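As structure tokens, the structure follows; a few thoughts come after it.
What you see is a predicted model, and the numbers here were worked out from it, not measured in a lab. Letters A, B, ... are given to chains in the order of the sequence lines, protein chains preceding strands, and every chain is numbered from 1.
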Number of protein chains: 2
Amino acid sequence: MQLKELSERTGVSPASIKFYLREGLLPPGRSVRATRAEYGELHVSRLELIQTLRRVVGLNIAQIGSLLRMADDGVPRLELLAAVQRTVLGLDDVGREHGDVRTPAGDAVVRFRNWPDVPSDARNSLNAHLALMESLGVPVTDDLLDAYSLAVDAIATVNISATTAPEDVNQLIMTAAVGMHLHGQLILKLLALAHASHAIRRYETEA
Amino acid sequence: MQLKELSERTGVSPASIKFYLREGLLPPGRSVRATRAEYGELHVSRLELIQTLRRVVGLNIAQIGSLLRMADDGVPRLELLAAVQRTVLGLDDVGREHGDVRTPAGDAVVRFRNWPDVPSDARNSLNAHLALMESLGVPVTDDLLDAYSLAVDAIATVNISATTAPEDVNQLIMTAAVGMHLHGQLILKLLALAHASHAIRRYETEA
DNA sequence: ACAATAGGATAGTGCTCCTATCCTAGAGGC
DNA sequence: GCCTCTAGGATAGGAGCACTATCCTATTGT
């Protein structure tokens with residue numbers, strides 16, 4: 001299959017494919033001759049992955065590139081999944097440059113839920129976020145944090161047991177990224193609905 | 001206070017202030033003379049609101065403008081809060097143009113949680129999102145949805161009782177938007193940590 | 001007389017994500 | 001042999017966003 005056919009099969013314009021090749025998101029095809037290159041199913045699934053990561057998950061080119069380069073470099077799966085999580089849930093934005101951060105509240109969460117007490121990106125990001133909320137004057141009571149963490153603990157339990165890791169790396173990133181993004185959004189939307197519902201209830205009671 | 005002083009007090013460049021004036025985000029000052037305008041504390045707090053909405057919450061100019069215009073038009077507070085919720089939690093992105101949508105799962109959530117059975121943006125957005133997940137082949141079991149909704153119900157209960165609405169409209173939007181955004185992010189980060197913790201546990205058990 | 005200022009118009013900047021054009025060299029069909 | 005097609009490289013263009021800068025005129029305090 002050559003570039004034009006790859007374009008037709010994936011619905012991505014030839015110009016964009018060339019762009020992705022330049023950016024290193026898409027590995028080059030097997031160069032048959034000077035003016036002919038052969039692309040395979042791997043390129044199709046890779047392009048679909050790129051499209052989904054852009055349009056559904058909303059990552060930018062640099063983020064996609066970094067993820068894909070890790071995959072191509074044969075980074076271990078657990079590490080890769082951690083990177084996907086960081087990128088998709090936006091754990092990279094705050095406080096990662098300050099090394100490990102601790103907050104009393106963050107430590108408390110870990111203790112209460114009996115989660116393993118090891119530093120991680122997720123934990124640093126949480127602690128940085130708690131510090132940010134503190135600094136912006138948004139109170140986070142221990143009760144609230146307890147309710148939150150109890151909830152997500154239950155969710156994670158259900159969530160992780162329903163996960164089976166696929167063989168193909170493209171597929172792995174796809175399911176992990178899409179899953180994390182969609183579940184994250186789902187929770188946000190449910191929270192919005194719950195919030196709105198409670199607000200209506202309260203409004204009705206007061207009226 | 002004139003433009004320059006307003007700029008100095010808020011740390012926003014005069015050029016940006018003029019830009020916000022042009023875009024209608026900032027109401028014009030009281031024109032004392034042809035070359036002199038008077039700005040007040042309201043402009044200061046409005047500018048701070050704009051800054052926070054941009055840099056912390058991450059809204060774009062159009063979204064901020066639409067929210068602020070509603071506030072200036074004296075839209076009722078409940079409606080305004082609903083708009084803030086839509087904007088901050090990204091409920092506008094899917095399925096709002098198709099009118100009211102229903103999904104069996106979405107209905108089930110409302111019934112299980114005994115939430116008021118009325119159409120709302122939050123509900124439409126949830127249903128559209130469930131449909132999207134369905135179409136992308138990401139399964140959402142009733143069990144999972146039940147765990148999610150139980151969790152957010154608990155959170156919303158804690159959350160809403162801790163909320164007191166401020167007098168000033170700028171302040172109202174500020175606290176609502178910042179609160180919703182930060183709490184949403186907090187949940188996402190907690191979920192990430194919970195997920196990572198459970199993954200470590202499982203990995204340790206298997207190893 | 002002169003520096004300073006408001007507000008209006010208009011253009012430019014930096015970033016991101018493409019999209020288009022041009023080029024050369026090579027291969028196959030007629 | 002000639003024409004068309006193609007890959008891949010270089011380079012430029014374009015659209016959207018959020019500013020940022022420049023220039024202008026009219027006006028005013030000093």
Side-chain angles (χ1 to χ4, degrees), chain A residues 1-40 43-44 46-69 87 90 92-93, chain B residues 1-40 43-44 46-69 87 90 92-93:
Chain A
M1 172 178 14
Q2 45 197 78
L3 200 147
K4 207 175 187 182
E5 195 185 340
L6 182 63
S7 160
E8 279 155 9
R9 276 203 38 199
T10 54
V12 183
S13 78
S16 293
I17 293 179
K18 287 172 99 178
F19 173 70
Y20 294 146
L21 285 166
R22 274 201 305 283
E23 296 293 314
L25 302 197
L26 193 65
R30 191 170 50 86
S31 191
V32 177
R33 294 185 304 266
T35 76
R36 201 129 298 208
E38 196 49 29
Y39 300 94
H43 290 90
V44 174
R46 175 57 70 97
L47 263 179
E48 280 162 0
L49 174 59
I50 293 171
Q51 290 287 94
T52 306
L53 256 29
R54 276 285 309 135
R55 303 205 187 292
V56 178
V57 185
L59 302 186
N60 63 35
I61 298 295
Q63 292 172 318
I64 297 174
S66 132
L67 247 28
L68 294 182
R69 245 164 277 124
T87 310
D92 280 335
D93 52 355
Chain B
M1 178 179 8
Q2 44 197 76
L3 202 146
K4 207 172 188 185
E5 195 185 340
L6 182 62
S7 159
E8 279 156 8
R9 275 204 37 198
T10 55
V12 182
S13 77
S16 295
I17 293 179
K18 287 172 100 177
F19 173 70
Y20 294 146
L21 283 166
R22 275 200 305 282
E23 296 292 315
L25 302 198
L26 194 63
R30 190 170 51 86
S31 192
V32 177
R33 293 185 304 267
T35 75
R36 202 130 296 209
E38 196 50 28
Y39 300 94
H43 291 90
V44 174
R46 175 59 70 98
L47 264 178
E48 278 161 2
L49 174 59
I50 293 171
Q51 290 288 92
T52 306
L53 255 28
R54 277 283 312 133
R55 305 207 186 291
V56 178
V57 185
L59 302 186
N60 62 35
I61 297 295
Q63 292 172 317
I64 297 173
S66 132
L67 247 29
L68 294 183
R69 247 165 274 124
T87 310
D92 280 334
D93 52 354

Here the residues of residues 48-59 of chain B within 4.0 Å heavy-atom distance, strictly under, of DNA chain D are Arg54(B), Arg55(B)
What does the inter-axis angle of the helix from dA1(C)-dT30(D) to dC30(C)-dG1(D) come out as, five pairs per end, nearest 10 degrees? 30°
Can you list, pair by pair, the side-chain donor-acceptor contacts under 3.5 Å of residues 28-35 of chain B, counting residues two or more places apart and other chains?
unit_1, atom_1, unit_2, atom_2, d
Ser31(B), OG, Arg33(B), O, 3.2

Atom-to-atom span, CG of Leu25(B) to P of dC17(D) - whole angstrom: 14 Å
According to a strict under-4.0 Å criterion, is Tyr39(B) in side-chain N/O contact with OP1 or OP2 of dG7(C)? yes
Contact list for residues 55-67 of chain B, test salt bridge (charged side-chain N to carboxylate O under 4.0 Å, His left out), sequence neighbours left out: none
For Arg54(B), enumerate each residue passing the salt bridge (charged side-chain N to carboxylate O under 4.0 Å, His left out) test, keeping only those at least two apart in sequence or located in another chain. none
Expressed in angstrom and rounded to an integer, what is the separation of Ile17(A) atom CD1 from dA20(C) atom C1'? 15 Å
Hey, is the side chain of Ser16(B) poking within less than 4.0 Å of OP1 or OP2 on dT20(D), counting only N and O atoms? yes
In whole Å, I'd like the distance from the CD1 atom of Ile64(B) to the P atom of dC17(D). 13 Å
Between atom CG in Leu26(B) and atom P in dC19(D), what is the gap in whole Å? 13 Å
Passes side chain to side chain contact (heavy atoms under 4.5 Å, CB included), Thr10(A) versus Gln51(A)? Steps please. CA-CA 9 Å; Thr10(A) 54; Gln51(A) 290 287 94; over 6 Å; no
Please check: side-chain N/O of Glu38(A) versus main-chain N/O of Met1(A), any donor-acceptor pairing under 3.5 Å? yes
Spacing of Met1(A) atom CE relative to dA7(D) atom P, expressed in whole Å: 12 Å
Residues of residues 3-11 of chain A with any non-hydrogen atom less than 4.0 angstrom from an atom of DNA chain D: list those, numerically ordered, please. Leu3(A), Lys4(A)
Side chain to side chain contact (heavy atoms under 4.5 Å, CB included) with Arg22(B): which residues, sequence neighbours excluded? Lys18(B), Phe19(B)
If you take all heavy atoms of Tyr20(A) and Leu47(A), which pair is closest and at what distance? CD1-CD2, 3.8 Å
Show me the protein contacts with nucleotides 8-12 of chain C, counting only N or O atoms at under 3.5 Å.
unit_1, atom_1, unit_2, atom_2, d
dG8(C), O6, Lys18(B), NZ, 3.1

Output the distance between atom CG (Leu6(A)) and atom CG (Leu26(A)), rounded to the nearest 0.5 Å. 6.5 Å
Looking at Pro27(A) and His43(A), what are the two nearest heavy atoms and their distance? O-NE2, 3.0 Å
Rounding to a whole Å, what distance do you find between Phe19(A):CZ and dA12(D):C1'? 14 Å
Specify the closest pair of heavy atoms between Leu3(B) and Pro14(B), including all atoms of both residues, with the distance to one decimal. CD2-CB, 3.6 Å
Whether each nucleotide of nucleotides 24-30 of chain C has a protein heavy atom under 4.0 Å at its base (B), only at its sugar-phosphate (S) or at neither (-) is summarised, 5' to 3', as -BBS---
Go through the structure and list residues passing side-chain hydrogen bond (donor to acceptor under 3.5 Å, both in side chains) with Arg9(B), not counting sequence neighbours. Glu41(B)
Is the shortest side-chain N/O distance from Tyr20(B) to OP1 or OP2 of dC19(D) below 4.0 Å? yes
What pairs with Ser13(B) under side-chain hydrogen bond (donor to acceptor under 3.5 Å, both in side chains), at least two apart in sequence or on another chain? Ser16(B)
Could you pull out every donor-acceptor pair under 3.5 Å between side chains of residues 57-65 of chain A and any protein atom, sequence neighbours left out?
unit_1, atom_1, unit_2, atom_2, d
Asn60(A), OD1, Ala62(A), N, 3.2
Asn60(A), OD1, Gln63(A), N, 2.8
Gln63(A), OE1, Asn60(A), N, 2.9

